Asks: 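Structure below; questions to follow.
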Amino acid sequence: MEPNLPDVVLWSIPAFVLLTVIEMVSYRLHPDEDAAGYETKDAATSVTMGLGSLGFDLLWKIPILAIYMGVYELTPLRVPVLWWTVLLMLLAQDFFYYWSHRGHHVIRILWACHVVHHSSEKFNLTTALRQPWTSATVWPFYLPLIACGVHPAALAFCQSANLVYQFWVHTERVGKLPRPFEYVLNTPSHHRVHHASQGGYLDRNYGGILIIWDRMFGSFAAEAERPVYGLTKNISTYNPLRVATHEYAAIARDVRAADTWSERAGRVFRGPGWQPAAKAGAVTATTAVADTTSATTLTPATSAPSVSSAPDTLSPQAPAPERAL
């Protein structure tokens with residue numbers, strides 16, 4: 001029998017609206033020049049992406065639910081829906097959410113879905129609404145729960161609860177919480193790090209409700225310097241269709257330009273910013289020549305130091321690969 005569980009997202013909509021209005025008013029009354037704050041077009045794009053995701057999710061749910069129900073009918077296991085089993089299911093779902101989230105950062109074709117959520121250069125409660133339209137890539141990560149006897153409706157409830165929890169962590173108006181909360185839970189401070197584009201913050205803090213998974217699996221970073229939000233190469237558009245599809249288009253361009261099938265596979269299944277060794281070496285060599293030329297041009301004729309006398313000046317560093325968080 002299908003469990004009768006509430007639609008927590010639907011019930012939370014009034015709270016979403018109220019909290020967003022309060023945050024907007026707080027920026028009006030108490031501006032913070034260092035905070036990313038709000039920008040009308042950006043917020044409108046985030047809301048549009050959220051509304052669009054509702055429609056597309058309904059389409060994706062049809063085949064995904066069919067697969068889940070098929071697996072559920074095949075497994076002899078059953079997890080009853082009781083108050084304590086719901087808590088265990090929430091814990092398990094949050095664990096698999098961590099791995100789903102991490103996978104969507106380190107595999108490019110999955111990143112093409114998730115990059116939508118990171119495409120804003122602002123960080124406020126409307127950013128939480130900036131959801132992808134291609135979320136069909138998420139379902140395989142939760143198959144183990146279905147195979148263990150968790151009803152698809154119970155899984156949907158846990159996913160909704162996780163999503164609702166994460167709404168409030170998309171804000172700069174809440175500082176760090178007391179240490180016990182910061183140690184266990186995903187908080188605004190931890191999630192600001194996750195949305196930052198600085199090198200030291202990239203690919204950190206994947207947790208949904210709990211941050212303990214990041215501490216356990218080596219992906220945790222505490223908030224130190226102020227985050228700079230967005231991508232390492234921002235898309236500079238408010239067009240919802242481009243926001244939803246820009247990384248898929250980039251993958252298609254890279255696959256067409258690839259020289260070998262192994263490179264084509266790498267462009268799809270390796271990490272964002274991946275380059276084959278030959279091309280990465282060519283980029284490094286080009287950068288080295290440019291740096292050497294620049295250093296030689298800018299050296300005053302009166303000093304004219306030799307290369308051996310200033311190795312640090314002329315020793316090029318390999319450029320960091322383009323990466324988006």
Side-chain angles (χ1 to χ4, degrees), residues 9 12-56 101 104-105 111-135 163-176 186-202 204-205 223-250 272 322-325:
V9 172
S12 301
I13 289 176
F16 291 168
V17 174
L18 178 61
L19 290 173
T20 301
V21 170
I22 291 174
E23 186 184 48
M24 288 179 175
V25 171
S26 76
Y27 275 110
R28 289 282 187 178
L29 298 179
H30 302 285
D32 183 348
E33 293 183 359
D34 294 326
Y38 275 85
E39 199 277 325
T40 303
K41 290 183 178 180
D42 178 86
T45 301
S46 295
V47 172
T48 302
M49 297 306 298
L51 293 174
S53 73
L54 295 177
F56 281 99
H101 196 180
H104 279 72
H105 274 259
W111 171 248
C113 162
H114 187 61
V115 68
V116 169
H117 184 60
H118 287 267
S119 60
S120 174
E121 296 176 54
K122 305 295 182 181
F123 190 74
N124 53 59
L125 293 177
T126 66
T127 308
L129 307 177
R130 187 175 285 228
Q131 296 296 320
W133 295 355
T134 55
S135 57
L163 184 66
V164 168
Y165 176 87
Q166 290 187 61
F167 177 78
W168 80 281
V169 301
H170 291 82
T171 184
E172 293 187 276
R173 303 307 268 179
V174 177
K176 289 190 176 183
N186 184 20
T187 65
S189 175
H190 297 327
H191 209 58
R192 286 192 289 269
V193 168
H194 179 69
H195 274 259
S197 60
Q198 291 104 309
Y201 285 164
L202 290 175
R204 299 291 177 178
N205 299 1
E223 185 180 27
E225 62 178 312
R226 194 168 196 120
V228 177
Y229 304 108
L231 311 175
T232 57
K233 186 176 181 180
N234 288 305
I235 56 176
S236 302
T237 181
Y238 300 113
N239 184 324
L241 186 60
R242 285 191 59 198
V243 171
T245 62
H246 73 274
E247 185 64 13
Y248 293 107
E322 290 185 357
R323 178 66 173 91
L325 177 63

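Fair warning: this is a prediction, and the values are worked out from it, not measured in the lab.
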Asks: Quick one: CE on M24 to OG1 on T126, what's the gap to the nearest 0.5 Å?
Replies: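 Here the interatomic distance stands at 6.0 Å.
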Asks: Is it true that H104 and H117 have ring centroids separated by less than 6.0 Å?
Replies: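 H104 vs H117: aromatic centres not under 6.0 Å.
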Asks: May I ask you to check whether H191 and W168 place their ring centers less than 6.0 Å from one another?
Replies: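 Ring centres of W168 and H191 not closer than 6.0 Å.
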Asks: Show your working on side-chain hydrogen bond (donor to acceptor under 3.5 Å, both in side chains) between T237 and N239 and close with a plain yes or no.
Replies: CA-CA 6 Å; T237 181; N239 184 324; 5.3 Å; no
Asks: So do the side chains of I235 and E121 get within less than 4.5 Å of each other, counting heavy atoms only?
Replies: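 Side chain of I235 against side chain of E121, heavy atoms only: no contact under 4.5 Å found.
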Asks: Which of parallel (below 30°), tilted (30 to 60°) and perpendicular (above 60°) describes W111 and H105?
Replies: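 The arrangement is tilted - the two ring planes meet at 30° to 60°.
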Asks: Which value, rounded to the nearest 0.5 Å, describes the distance between F167 atom CZ and I13 atom CD1?
Replies: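 Answer rounded to 0.5 Å: 11.0 Å.
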Asks: With a 3.5 Å distance limit and no angle check, can you tell me whether R192 reaches the backbone of T171 through a side-chain donor-acceptor pair?
Replies: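 Checked: pair present.
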Asks: A side-chain contact here means heavy atoms from C-beta on lying under 4.5 Å apart; do K176 and T187 qualify?
Replies: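 When only atoms from C-beta onward are counted, T187 and K176 do not touch, as no gap falls below 4.5 Å.
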Asks: Could you grab the distance from atom OG of S120 to atom CG of L129, nearest 0.5 Å is fine?
Replies: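 Those atoms lie 11.0 Å apart.
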Asks: Okay, side chain of N205, backbone of V193: is any donor-acceptor separation there less than 3.5 Å?
Replies: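 No, N205 side chain to V193 backbone: no donor-acceptor pair under 3.5 Å.
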Asks: Between E172 and R226, is there a side-chain heavy-atom distance shorter than 4.5 Å?
Replies: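 Heavy-atom side-chain distance check passes, below 4.5 Å.
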Asks: Would the distance check show the side chain of H170 and the main-chain N or O of Q166 forming a donor-acceptor pair, the cut-off being under 3.5 Å?
Replies: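 Indeed, once roles are kept as given, a pair shorter than 3.5 Å links the two residues.
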Asks: Measure the shortest side-chain to side-chain distance between L125 and F16 over non-hydrogen atoms and say whether it is less than 4.5 angstrom.
Replies: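 SC-SC contact between L125 and F16 ruled out.
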Asks: Which heavy atom of A224 sits nearest a heavy atom of Y201, and at what distance?
Replies: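 What the structure gives for the nearest pair is N-OH, 2.7 Å.
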Asks: So does P132 get a backbone contact from the side chain of S135, meaning a donor-acceptor N/O pair under 3.5 Å?
Replies: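 No, the answer is negative, given that no donor and acceptor are paired below the 3.5 Å cut-off.
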Asks: Determine whether W133 and P240 make a side-chain contact, defined as any pair of heavy atoms from C-beta on separated by less than 4.5 Å.
Replies: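 Answer yes - side chains close enough.
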Asks: Please round to the nearest 0.5 Å and tell me the distance separating atom OG of S12 and atom CG of L18.
Replies: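 So the gap between those two atoms works out to 12.5 Å.
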Asks: Can a donor-acceptor pair be found between the side chains of Y38 and E23 at a distance below 3.5 Å?
Replies: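 Present: a donor and an acceptor within the cut-off.
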Asks: Can you tell if the side chain of E39 reaches within under 4.5 Å of the side chain of K122, non-hydrogen atoms only?
Replies: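 Result yes, sub-4.5 Å side-chain heavy-atom pair found.
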Asks: For the residue pair S236 and N234, confirm or rule out a side-chain donor-acceptor distance under 3.5 Å.
Replies: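 No, no side-chain donor-acceptor contact under 3.5 Å.
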Asks: Are H195 and Y229 an aromatic pair, judged by ring center distance below 6.0 Å?
Replies: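 No, ring centres 6.0 Å or more apart.
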Asks: Got a donor-acceptor contact below 3.5 angstrom from the Q131 side chain to the M49 backbone?
Replies: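 Not confirmed, Q131 side chain does not pair with M49 backbone.
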Asks: Measure centre to centre between the rings of H194 and H190, then say whether the value is under 6.0 Å.
Replies: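 Between H190 and H194, which both carry aromatic rings, the centre distance is not below 6.0 Å.
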Asks: I want to check something: taking the side chain as every heavy atom from C-beta on, are T48 and Y238 in contact at a cut-off of under 4.5 Å?
Replies: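 A side-chain contact is absent here, since even the closest heavy-atom pair is not under 4.5 Å.
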Asks: Could you tell me whether a side-chain N or O of Y27 sits under 3.5 Å from a main-chain N or O of R173, the two making a donor and an acceptor?
Replies: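 No, the answer is negative, given that no donor and acceptor are paired below the 3.5 Å cut-off.
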Asks: Between R130 and T45, is any pair of side-chain heavy atoms under 4.5 Å apart?
Replies: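 Side-chain contact under 4.5 Å: yes.
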Asks: R242: which residues meet the salt bridge (Lys or Arg N to Asp or Glu O under 4.0 Å) condition with it, sequence neighbours left out?
Replies: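 Once residues adjacent in sequence are excluded, R242 has no partner under the salt bridge (Lys or Arg N to Asp or Glu O under 4.0 Å) criterion.
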